[in-house]
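The structure appears right after this line, and notes come after that.
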2 protein chains.
Amino acid sequence: MNANEVRMKATLAKTASTVLNRLDTVQKNEALRLMAQALRSEQDLILTANLEDLERGRQQGTAPSLLDRLALTPERIEAMAEGLEQIIELPDPIGDTLEAIDRPNGLTIDKIRVPLGVIGIIYEARPNVTVDAAGLCLKTGNAVVLRGGSSAISSNRQIIEVLHRALATSSIPVDALQIIEDPNRSSVDEMLKLKGLLDVIIPRGGKSLIQNVVENAKVPVIETGAGVCHTYIDASADPVMAANISINAKVQRPSVCNAMETLIIHSDFATRHLTQLAEQFKESNVELRGCAETLALIPSATQATEDDYYTEYNDYILNMKIVHSLQEALDHIAKYGTQHSECIVTEDQDQAAIFIREVDAAAVYHNASTRFTDGFEFGFGAEIGISTQKLHARGPMGLPALTSTKYRVYGNGQIRR
Amino acid sequence: MNANEVRMKATLAKTASTVLNRLDTVQKNEALRLMAQALRSEQDLILTANLEDLERGRQQGTAPSLLDRLALTPERIEAMAEGLEQIIELPDPIGDTLEAIDRPNGLTIDKIRVPLGVIGIIYEARPNVTVDAAGLCLKTGNAVVLRGGSSAISSNRQIIEVLHRALATSSIPVDALQIIEDPNRSSVDEMLKLKGLLDVIIPRGGKSLIQNVVENAKVPVIETGAGVCHTYIDASADPVMAANISINAKVQRPSVCNAMETLIIHSDFATRHLTQLAEQFKESNVELRGCAETLALIPSATQATEDDYYTEYNDYILNMKIVHSLQEALDHIAKYGTQHSECIVTEDQDQAAIFIREVDAAAVYHNASTRFTDGFEFGFGAEIGISTQKLHARGPMGLPALTSTKYRVYGNGQIRR
């Protein structure tokens, strides 16, 4: 039954994608406008459905922080509608010419952006992802098959019903937006097999979700998320800037992937400033773990284990590691990092240049918080996620990441000799 | 033992890739020049090793056409050396700036091309791929792990020895170029698992090779090759042009992926011209298979089965299908095509525009042979393969397809509010 639901909905989405492929920007934007309008006018239905999810969550003993992420309010629904309106304002990448080639034999070739086709998105609790992902995929002419977390199933189902009513009055076929309702893990497994129906799967969520998708998908995947991010404070760093940047990277929002997990400190800096910096972290309620040299300077810290250095805490916990050279910092990052966002704080331009060149990551920073790795902060206006892979898209993904390309070749009878 | 060889060599390649990442274009080109020189000066060693492969092939009863592909001559070795020299002439994409963003908060962000890291290439008989792939990967600052076919193992091993001696006198570490010598299938299986060591695997070869890689790889894959390409002759097509293009697409080189496998003909055109066109195909020794309507016009053709329409013959065999509308042609291509190269021959610009827009393929043609889907023919100067997937690269892949990107973010103390 699960397999049937998943395959059937993906097939409907694929058929709808050929219609979507023909729509122009005005038609797609009009559909997004109707979707935003419907969210506002039918918000009571969505709030009621959300109460079911919250009630079920409370009965199952869900943690209050997770319930908070799940909870919808009129303000949060308004934010979803505004999110769609922001997507309307973004330039439509479809049809953009990326290359134009005139060949000596008279062939005219161009390379244009086209939709990927059908995008599968597998995500966790927050129902706003449902609206956000739908808007980004439809704007780029893609059909989408959503598979949200079971804890938000009533909210997601109701949101999709509302959006479907909006699409029914638009040029976009209702079938272009699908949600898998089966709450069992088997529906995820089924999605991962749908090569030929889904053109890409984007997992958005925790480490185990992403790992399952990456390891088991037959469909191409854009890997997102996992961030064991480092800040390296070089010997020559300005101590005030180093404190500002590293504290911001840790505590401004610890639960997200671009937050810092490990602070690497050059021993020259550590000797002079680490005691005071550690005090500032403690004032921000950050638990400190460190290497032996760290503990010698900060006796209140606990010993960091090998595992700790690999861990994305997403919490008020920080690993510290004292090094004696830039190379040692680079080696630590290469070993424990997830190629997400890495920062050097230094006044030495040469050290900065080496760090920027040598660190293999989606985003490499000199003298700024890693928290800026974000589609909005980079000026893209929206973001489908942050890719931590090297193929297709790397770093914050705006609308172009949801496109493929096509070569168009125009001739007047050319044949190959 | 196999697993050890594969993992060990991939690890050495990964370490070498960090050195390669630092080299400039001049250093990389100098290494390629030394490689070309070594192929010429040590060609006798390579020819002797090739004789071993040929002798073993003959003993094993290998088909003469395969032995011909395997055979090296001084001319073919010279062509390999010249191929490297052509790669030297190509612009180096590494370091190219793809985006430059100035943010209101003073952050300066750019997005530059960087090497992918380590590229795995799994391929079949022809030893020239060994040189070609090595050159393209090293030029783009990537280390490479090659796994050639067992039939060419002596030639490949000797070629790599020669290239290693050249690299030893260059800035590129010898370890950046690895070849897996284990002839067993298990060494391929092992490569497919090396997530974290290999950044991408590119299979080059027949359908079963590619399918095995795509279905079993944990490492990201760029799918290449399989081409069930169609030419659609519209009602309004110029009959001479239609014949020239379709015959060229079939017989100019039937063994390659961009050759035509199925000719779709509008019934209006078929009634007037198909008998004569079929004669021309027969004169070119093409066996004709067709639908019932085809057989009514060309009784000498045999019935095409459902399987035939899915088959990449790579041979002097052609499927024919008569349709009564453009839509029927589009539906046939969507069902049986492999999204490689598809062509419409028509004098009707409206029909051409619909075909170009609706067909979902890497390259879509109006009035030119599908045989032009090729990196050299598109003017890229070289080609690592033709991608038939939608992510990362689609169609003929030049040097930029062997790169990833990195965001560099420069600040002066910016933190996120």
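All values reported here derive from a predicted model rather than from experimental measurement.
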| Contact class of A:Leu107 relative to chain B, heavy atoms under 4.5 angstrom | side chain
| request: Taking all non-hydrogen atoms of both residues into account, name the closest pair between B:Gly411 and A:Ala368 and its distance. | output: CA-CB, 4.3 Å
| said: Could you go through A:Asp199 and B:Gln389, starting from their C-alpha distance and side-chain angles, then the distance that decides it, and tell me whether this counts as side chain to side chain contact (heavy atoms under 4.5 Å, CB included)? | reply: CA-CA 9 Å; A:Asp199 291 288; B:Gln389 69 180 32; over 6 Å; no
| request: Identify which part of A:Val200 has an atom lying under 4.5 Å from any heavy atom of chain B, answering side chain, backbone, both or neither. | output: side chain
| field | Proximity breakdown for A:Ala362 and chain B, heavy-atom pairs closer than 4.5 Å | value | backbone
| message | Looking only at heavy atoms and a cut-off of under 4.5 Å, which of A:Ile101, A:Leu116, A:Asn244, A:Asn105 has the most pairs with chain B? | response | A:Leu116
| Proximal component of A:Val221, with respect to chain B [non-hydrogen, under 4.5 Å] | backbone
| request: Give a yes or no on whether the backbone of B:Ile415 and the side-chain of A:Asn248 come within a donor-acceptor separation of less than 3.5 Å. | output: no
| remark: So CD1 of A:Ile109 and CZ of B:Phe378: to nearest 0.5 Å the spacing works out to 4.5 Å
| said: Donor-acceptor check, side chain of B:Asn21 to backbone of A:Arg357, threshold 3.5 angstrom: yes or no? | reply: yes
| Test log, rule side chain to side chain contact (heavy atoms under 4.5 Å, CB included), inputs A:Leu391 and B:Leu391 | CA-CA 8 Å; A:Leu391 287 189; B:Leu391 288 188; over 6 Å; no
| request: Heavy atoms only, distances under 4.5 angstrom: which of B:Ala249, B:Ala393, B:Ser369 has the most pairs with chain A? Name it, please. | output: B:Ser369
| Backbone of B:Arg417 reached by a side-chain donor or acceptor of A:Gln252 within 3.5 Å | yes
| message | Between A:Phe355 and chain B, with a heavy-atom cut-off of 4.5 Å, which part of the residue counts as in contact: side chain, backbone, both or neither? | response | neither
| Top contributor to chain B contacts, counting heavy-atom pairs under 4.5 Å, from A:Gly379, A:Pro115, A:Pro220, A:Gly395 | A:Gly379
| said: Between A:Arg416 and B:Asp374, is there a side-chain heavy-atom distance shorter than 4.5 Å? | reply: yes
| query | Who wins among A:Glu377, A:Arg408, A:Gln339 for the most heavy-atom pairs under 4.5 Å with chain B? | reply | A:Glu377
| field | Region of A:Asn258 that comes under 4.5 Å of a non-hydrogen atom in chain B | value | side chain
| message | Quick check on B:Arg371 against chain A: is it the side chain, the backbone, both or neither that has a heavy atom closer than 4.5 Å? | response | both
| Hey, mind stepping through B:Val364 and A:Lys406 against side chain to side chain contact (heavy atoms under 4.5 Å, CB included) and telling me if it holds? | CA-CA 8 Å; B:Val364 187; A:Lys406 175 196 271 190; 3.9 Å; yes
| Part of A:Arg253 within contact of chain B (heavy atom distance under 4.5 Å) | neither
| Check: A:Lys111 side chain, B:Arg394 main-chain N or O, donor-acceptor pair, under 3.5 Å | no
| Region of B:Glu223 in contact with chain A, defined by heavy-atom distances below 4.5 Å | side chain
| query | Between OH of A:Tyr410 and OH of B:Tyr365, what distance do you get to the nearest 0.5 Å? | reply | 12.5 Å
| task | Would you mind checking if A:Arg22 and B:Glu358 are paired as a salt bridge, meaning a charged N to carboxylate O distance below 4.0 Å? | result | yes
| said: Donor-acceptor pair, distance only, cut-off 3.5 Å: does the side chain of B:Ser404 make one with the backbone of A:Lys390? | reply: yes
| Contacting region of A:Ala361 [heavy-atom separation from chain B under 4.5 Å] | backbone
| Quick one: what part of B:Val359 sits under 4.5 Å from any heavy atom of chain A, side chain, backbone, both or neither? | backbone
| task | Check whether A:Glu99 gets within reach of chain B through its side chain, its backbone, both or neither, counting any heavy atom under 4.5 Å. | result | side chain
| said: Can you tell me how far apart CG (B:Asn412) and CD (A:Glu347) are? Round to the nearest 0.5 Å. | reply: 9.5 Å
| query | Can you say whether A:Pro104 sits under 4.5 Å from chain B via the side chain, the backbone, both, or neither, judging by heavy atoms? | reply | neither
| said: Is A:Ile356 in contact with chain B via its backbone, its side chain, both, or neither, using a 4.5 Å heavy-atom distance? | reply: both
| So which heavy atom on A:Tyr407 is nearest to which on B:Pro396, and how close? | CE1-CD, 4.0 Å
| query | How many angstroms lie between atom CD of A:Gln414 and atom CG of B:Asn367, to the nearest 0.5 angstrom? | reply | 8.5 Å
